[in-house]
Amino acid sequence: MKKKSTFILLTTVMAMSALTACSGNNEGANGNVGQPSGGNRSAETKTLRFATWDTGDALKIEQDIAKKFEAAHPGTKVQVEAYADGFDQKMAAGFGATNPPDVMYMWDFPTYHRSLEPLNSYADGDQELNKDDFYSGLFNYATIDGNLYGIPAGFTTRVVYYNKKLFDAANVPYPKDGWTWDDFRNAAKKLTDPSKKQYGFGVRAENDTYDLQGFVWSNGGSYISADGKTIDGFMNSKETADAIQLFGDMLKDGSAVLTGGKGQQSGEDIFKGGKIAMWESGIWPLESFKQAGIDVGTVEMPAFQGKPVKGVVAESALSIAKDSKQKELAWEFIKYYVSNEAIKMRVADLPVRVSVVNELKKDQDPLYKPYYTMLERSDNTPAFLLNAKWNEINRQLSAAVEAVVHGSKAQDALNQAVKDSERYLK
Amino acid sequence: MKRLLVYALLIFISLLFAAPLFWAVTTALKSPSELYLFPPKWIPTTWQFSNFAEAWTIQPFTLFLKNTLIVTLLSTIGQLVSCTLVAYGFARFEFKGRNALFLVVLATMMIPWEVTMIPQYMEFNYLGWINTLKPLIVPSWFGSAYYIFLLRQFILTLPRELDEAATIDGASKFGILARIIVPLMGPSLILVGVFQVMSCWNDYLGPLIFLNDQSKYTLTLGLSQFKGMFGVDMQSIMAITCLISIPPLAVFFFAQRYIVGGIANTGIKG
Amino acid sequence: MAQTYRQTAGNNAASFTLGRRRRWGGAVPYLFIFPWIFGFLVFTLGPLLFSLVISFFDWPIVGQVHFIGLGNYASMFTDDPLFWKSFGVTLKFAALFVPLNIVVALGLAILLNQGTRGSAIFRTAFYLPSVISGVALAMIWSWVYSGDYGILNYFLSIIGVQGPDWLNDTKWSLVAMVVASLWGQGSMMLVFLAGLKGIPKDLYESASIDGAGAIRQFFSVTIPMLSPTILFNLITSIIAAFQQLTLALLLTGGGPMKATYFYAMYMYENAFKYYKMGYSAANAWFMFLIVLALTFLVFKSSEAWVFYEGEMKRKPQKKSKSGGKVKSA
């Protein structure tokens with residue numbers, strides 16, 4: 001009895017859903033009938049959608065740039081869409097439903113490039129853009145299989161921040177470019193005072209393996225072979241393992257503190273509280289360190305004894321969606337966004353143009369100089385550009401790194417990661 | 001003695017619940033240099049009330065407030081009307097497939113949004129509703145499972161003699177609902193109203209996915225603007241959190257006495 | 001259940017009513033539930049079916065879509081340790097959270113129901129955390145739980161206990177998450193409170209005349225009378241436990257060492273970090289069926305322990321427990 005009624009119910013539901021599907025269509029049609037008025041308006045003023053992950057002051061500046069662009073291009077409205085922390089979700093929804101923004105900030109080109117417009121034909125030979133004025137190498141990060149998918153808008157390398165007050169108090173000389181990891185560890189030990197809950201260094205509980213590549217390269221290791229086909233003997237090489245073991249060791253000897261994962265009290269917060277003497281990061285926290293009243297210095301990364309220091313670049317670029325219906329306008333906007341005028345407005349970003357850096361003498365400011373010296377040292381190709389399945393391999397690698405900061409031996413953890421990743425390389 | 005114990009317990013638990021919020025307020029009032037002191041400072045040395053104004057004006061929060069009010073008000077009315085009808089239908093009628101359908105109602109609570117999000121986005125996109133407040137309002141007018149379930153449970157506790165007496169007096173089914181059941185449901189309806197106001201006020205994912213332009217943003221979306229990919233403006237987050245918590249708290253404070261006013265204080269005995 | 005109706009209607013001896021119901025009974029109920037049916041068909045069913053369909057595809061948000069049959073399901077069960085790991089974490093969380101949530105919410109509701117002065121203030125205080133948005137909530141908890149600088153360990157150190165680094169300790173992080181989740185029990189407490197207020201006072205009076213003490217009264221009056229509310233809170237707790245994501249996402253990111261890597265988080269990462277939409281849909285359908293089955297079991301069992309006043313056979317002067325409910329044929 002019961003089964004039969006369920007069956008009848010199901011068929012009714014299905015029939016009704018077919019019915020409402022039709023009425024849904026009508027509704028859609030009505031919506032379209034209603035739209036032309038809106039459509040006409042947009043024929044007069046074109047709306048360009050620009051998606052950004054920036055927040056706070058950086059976002060305000062971007063809104064100002066958009067206004068300036070509107071002023072120079074009558075009949076254009078730039079809709080700045082600030083997705084902040086939800087950027088990835090919005091991208092997934094936008095691309096998944098083929099309704100992406102026209103212009104967007106982008107860094108993960110291996111994942112998104114199939115949905116992005118190749119920009120070679122726009123960029124090559126464009127006098128206004130003047131590709132040669134950009135720091136060489138920045139374009140490589142946005143290039144997949146010879147196609148350029150983004151124009152560099154900002155970048156950062158990673159440096160060591162140090163709290164001058166804590167160095168003075170412990171009578172430790174400020175670090176200088178050309179220092180080594182031994183110098184670093186000695187300083188960290190002297191700067192640690194458990195009774196005050198003060199530590200020489202902070203190690204993140206959740207590391208982005210991308211950021212660690214600088215250390216690994218500096219020690220002569222790498223995650224993956226140059227052709228992107230092999231990880232055995234690379235990801236688990238002695239050089240790679242030793243570089244990562246360094247963090248585990250510093251946590252074990254107490255000269256570093258484990259700093260919070262995702263939403264927790266971050267190393268930045270503790271640095272601002274004056275309880276960590278040295279912190280390793282990109283340009284992002286610099287402003288907030290100054291605002292928190294920390295007398296902060298920057299220095300390039302330490303070297304492993306007798307080996308050259310290598311850096312890793314985190315780059316943000318602007319891209320155009322393949323589905324955009326106003327690519328010309330989008331291109332105009334991008335060009336304006338990376339023009340000298342707009343770069344000077346974006347004070348939180350490191351300028352990507354050599355001419356701007358020379359004009360502002362940024363590379364001579366001691367606080368900013370290390371970012372540019374590290375840029376010169378950043379000529380290795382990050383692993384995610386070398387293998388299409390890197391996302392999967394990285395899942396294993398991240399687990400290994402996490403295991404190390406929680407006390408495992410780096411060599412063992414990495415061997416395991418290689419074993420678990422092999423199937424993605426077939 | 002027992003009284004005293006009850007009061008002591010009440011006060012202690014209240015402190016447990018309120019202490020972290022106290023910290024939120026003081027964080028919002030501190031000067032930046034006091035933010036990251038360890039051990040933390042409970043009371044700021046200078047009270048920076050300007051932090052509130054600064055956080056509020058860095059993005060157009062007044063506009064966000066307006067949008068949030070529109071969404072909250074319209075969707076709450078929608079939920080109250082639709083869920084009352086539906087819950088009554090499930091609670092008071094015998095009909096073919098009732099239990100199966102009700103299980104479907106419950107099942108809709110269990111659908112993880114991760115997977116329906118994109119198809120839903122496509123649907124709203126097709127209807128031309130993306131970047132409007134409609135996706136946040138219209139579905140509320142068709143009932144939400146949680147409230148339907150809640151109201152059904154309440155209606156089921158009402159004695160059936162009420163309906164039967166009214167039926168004999170010649171009232172229609174709708175008349176019974178409007179004149180007998182709804183007045184008795186007062187507290188549970190206010191409960192649903194409060195829940196909807198809270199969830200609407202604090203909804204983050206809906207606005208995030210369906211809204212693009214800042215002029216359409218809601219308060220929580222504005223709040224999330226302080227949490228970027230590379231840094232968190234803790235002070236502004238706390239300041240805005242304090243400010244935007246006031247309206248829902250006020251709603252709760254005024255509504256709670258009606259919620260606990262008693263459902264069966266009607267002279268009808270079990 | 002039709003039987004119930006006939007009996008009561010028969011008592012009223014109104015064959016007229018019976019006829020009327022025959023004529024209208026068919027369509028009227030559907031009219032009342034129509035808003036939900038319409039909303040379901042338009043806003044829910046489509047996306048749901050869509051997700052079912054894509055669970056048979058390899059759909060990387062950007063790029064080609066391939067049909068792979070049961071491939072997603074197969075690799076999920078046989079080839080993905082994280083699937084089992086995260087499912088286990090969620091089960092553990094649910095086993096801790098669901099009973100605790102109900103006990104705590106009911107306990108607080110009973111405490112608030114003591115008719116004390118200033119109860120409006122206490123009620124508001126207990127409900128406070130529920131009005132705080134997720135972003136701020138996560139920050140507050142990180143401040144509470146931080147190992148070296150956290151307020152919890154500060155208080156523990158006063159009584160001479162060295163607390164762990166709660167969120168970075170594989171043994172404690174899940175417990176910490178349960179406690180943080182319990183903090184937001186306000187809604188459930190409120191539902192209980194409303195339910196408690198709805199229990200007629202004379203039931204307690206007659207129970208105490210019968211000589212029942214406070215504890216007897218709690219089990220023979222409060223619990224049965226509250227059982228529909230308990231059912232509601234039980235089911236919504238189970239669902240909430242299985243969908244727990246916000247805290248993990250904002251507070252621990254699933255760590256340390258996947259100790260708080262909830263199933264919902266796993267699903268979320270597959271969708272928005274690895275962009276495996278089809279795979280994530282398959283994950284979602286698995287969980288959906290599990291929760292559905294659990295709910296179904298709870299509902300089936302509820303026939304034995306939930307007592308609906310409005311559905312019970314009228315037997316004057318006799319309080320009936322589960323037996324009062326008419327089983328549906």
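The sequence lines fix the lettering, A, B, ..., with proteins before strands; numbering per chain opens at 1. What you see is a predicted model, and the numbers here were worked out from it, not measured in a lab. All values below were derived from every heavy atom in this structure, side-chain atoms included, with hydrogens, water molecules and symmetry-related copies excluded.
The shortest distance between side-chain heavy atoms of Ile140(C) and Leu21(B) falls below 4.5 Å. Residues Gln114(C) and Phe122(C) are not in side-chain contact: their nearest non-hydrogen atoms beyond the backbone lie 4.5 Å or more apart. Residues Asp203(B) and Thr218(B) form no side-chain contact, since every pair of their non-hydrogen atoms from C-beta on lies 4.5 Å or further apart. With a 4.5 Å cut-off on side-chain heavy atoms, Tyr258(B) and Pro187(B) do not count as touching. A heavy-atom distance below 4.5 Å is found between the side chains of Val194(B) and Met198(B). Side-chain contact between Phe95(B) and Tyr30(C) is present, with heavy atoms from C-beta onward closer than 4.5 Å. Two residues are said to be in side-chain contact when any heavy atoms from C-beta on lie closer than 4.5 Å; Trp201(B) and Pro247(B) meet this criterion. Counting only heavy atoms from C-beta outward, the side chains of Asn153(C) and Tyr149(C) never approach each other to under 4.5 Å.
Interface remark: Phe50(C) contributes side-chain atoms only to the contact with chain B (heavy atom separation under 4.5 Å). Heavy atoms closer than 4.5 Å to chain C are found in the side chain of Glu123(B), but not in its backbone. Heavy-atom distances place both the backbone and the side chain of Ser14(B) under 4.5 Å from chain C. Met122(B) touches chain C through its side chain: at least one heavy atom from C-beta onward sits under 4.5 Å away, while N, CA, C and O do not. Neither the backbone nor the side chain of Ile240(B) comes within contact range of chain C; no heavy atoms are under 4.5 Å apart. Residue contact with chain B, scored on non-hydrogen atoms closer than 4.5 Å, involves the backbone and the side chain of Ser187(C) alike. Using a 4.5 Å cut-off between heavy atoms, Leu108(C) touches chain B through its side chain atoms alone. With a threshold of 4.5 angstrom between heavy atoms, Phe226(B) does not approach chain C through any atom at all. Of the atoms belonging to Ile239(C), it is side-chain heavy atoms, and not backbone ones, that fall under 4.5 Å from chain B. For a residue to count as touching a neighbouring chain, one of its non-hydrogen atoms must lie under 4.5 Å from one of that chain's; by this rule Phe90(B) touches chain C with backbone and side chain alike. Proximity to chain C (any heavy atom under 4.5 Å) is restricted, for Leu16(B), to the backbone atoms N, CA, C and O. The part of Ile61(C) that comes within reach of chain B is its side chain, from C-beta onward, which places non-hydrogen atoms under 4.5 angstrom from that chain. Heavy atoms of Leu31(C) lying under 4.5 Å from chain B are absent altogether. Leu196(C) does not touch chain B: none of its heavy atoms, backbone or side chain, sits under 4.5 Å away. Only the side chain of Phe102(B) comes within less than 4.5 Å of a heavy atom of chain C; its backbone N, CA, C and O stay farther away. In this structure, chain B has a heavy atom under 4.5 Å from the backbone of Ser130(C), while its side chain stays farther away. If you measure heavy-atom distances from Ile238(C) to chain B, you find no contacts under 4.5 Å at all. Using a 4.5 Å cut-off between heavy atoms, Gln243(C) touches chain B through its side chain atoms alone. In this structure, chain B has a heavy atom under 4.5 Å from the side chain of Thr295(C), while its backbone stays farther away. Using a 4.5 Å cut-off between heavy atoms, Thr236(C) touches chain B through its side chain atoms alone. Of the two parts of Leu191(B), only the side chain, counted from C-beta on, holds a non-hydrogen atom closer than 4.5 Å to a non-hydrogen atom of chain C.
More than 12 heavy atoms of other residues, nucleotides or ligands lie within 6.0 Å of CZ in Arg3(B), so this atom counts as buried by the packing criterion. Within 6.0 Å of atom CZ in Phe296(C), 12 or fewer heavy atoms from other residues, nucleotides or ligands are found, so the atom counts as exposed in its surroundings.
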Review point. Does the side chain to side chain contact (heavy atoms under 4.5 Å, CB included) test come out yes or no for Ser119(C) and Thr116(C), once each step is laid out?
Key: CA-CA 6 Å; Ser119(C) 52; Thr116(C) 48; 4.2 Å; yes
Check your understanding: Stepwise, does the side chain to side chain contact (heavy atoms under 4.5 Å, CB included) test hold for Leu80(B) with Val192(B)?
Key -> CA-CA 7 Å; Leu80(B) 288 174; Val192(B) 165; 3.9 Å; yes
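Contact count against chain B (heavy-atom pairs under 4.5 Å) is highest for Thr124(C) among Thr124(C), Leu48(C), Asn113(C). Looking only at heavy-atom pairs under 4.5 Å with chain B, the residue among Pro47(C), Gly46(C), Gly39(C), Ala240(C) that has the most is Pro47(C). Between chain B and the residues Leu193(C), Leu128(C), Leu190(C), the most heavy-atom pairs under 4.5 angstrom are made by Leu190(C). Chain C forms the most heavy-atom pairs under 4.5 Å with one residue out of Gln120(B), Met109(B), Met110(B), and that residue is Met110(B). The most heavy-atom pairs under 4.5 Å with chain C, out of Pro119(B), Ser245(B), Gly143(B), come from Pro119(B). Interface check for chain B: of the options Ile33(C), Leu137(C), Val135(C), the most heavy-atom pairs under 4.5 Å are formed by Ile33(C). Residue with the most contacts toward chain C among Thr108(B), Thr241(B), Thr220(B), Ile13(B): Ile13(B) (heavy-atom pairs, distance under 4.5 Å). For the set Phe253(B), Phe195(B), Trp23(B), the count of heavy-atom pairs under 4.5 angstrom toward chain C peaks at Trp23(B). Across Ala24(B), Ser199(B), Pro112(B), the residue that shares the most heavy-atom pairs under 4.5 angstrom with chain C is Pro112(B). The choice from Val144(C), Ile151(C), Thr229(C), Thr44(C) that makes the most heavy-atom pairs within less than 4.5 Å of chain B is Ile151(C). Counting heavy-atom pairs closer than 4.5 Å to chain C, the top residue among Val105(B), Leu223(B), Leu249(B), Ile148(B) is Val105(B). Considering only heavy-atom pairs separated by less than 4.5 Å from chain B, the leading option among Pro129(C), Gly118(C), Ala271(C), Ser55(C) is Pro129(C).
Residue pairs meeting the side chain to side chain donor-acceptor pair (under 3.5 Å) criterion with at least one member in residues 138-148 of chain B, sequence neighbours excluded, are Tyr147(B)-Gln196(B).
Using a 30° and 60° split on the angle between ring planes, Phe93(B) and Tyr88(B) fall in the perpendicular class, above 60°. In this pair, Phe272(C) and Trp113(B) present their aromatic rings parallel. The plane angle is below 30°, not in the 30 to 60° band. Between Trp141(C) and Trp183(C), the ring-plane angle classifies as perpendicular under the 30° and 60° cut-offs.
Of all heavy-atom pairs spanning Ala255(B) and Ile190(B), the tightest one is CB-CG2, 3.7 Å.
Aromatic rings of Phe232(C) and Phe149(B) (six-membered ring for Trp) have centroids within the 6.0 Å cut-off, being under it.
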Expected list for residues 279-294 of chain C: side-chain donor-acceptor pairs under 3.5 angstrom, two or more places apart:
| unit_1 | atom_1 | unit_2 | atom_2 | d |
| --- | --- | --- | --- | --- |
| Tyr279(C) | OH | Asp80(C) | OD2 | 2.6 |
| Tyr279(C) | OH | Tyr266(C) | OH | 3.2 |
| Ser280(C) | OG | Met267(C) | O | 3.0 |
| Asn283(C) | OD1 | Asn270(C) | ND2 | 2.8 |
| Asn283(C) | ND2 | Tyr279(C) | O | 3.3 |
| Trp285(C) | NE1 | Ser51(C) | OG | 2.9 |

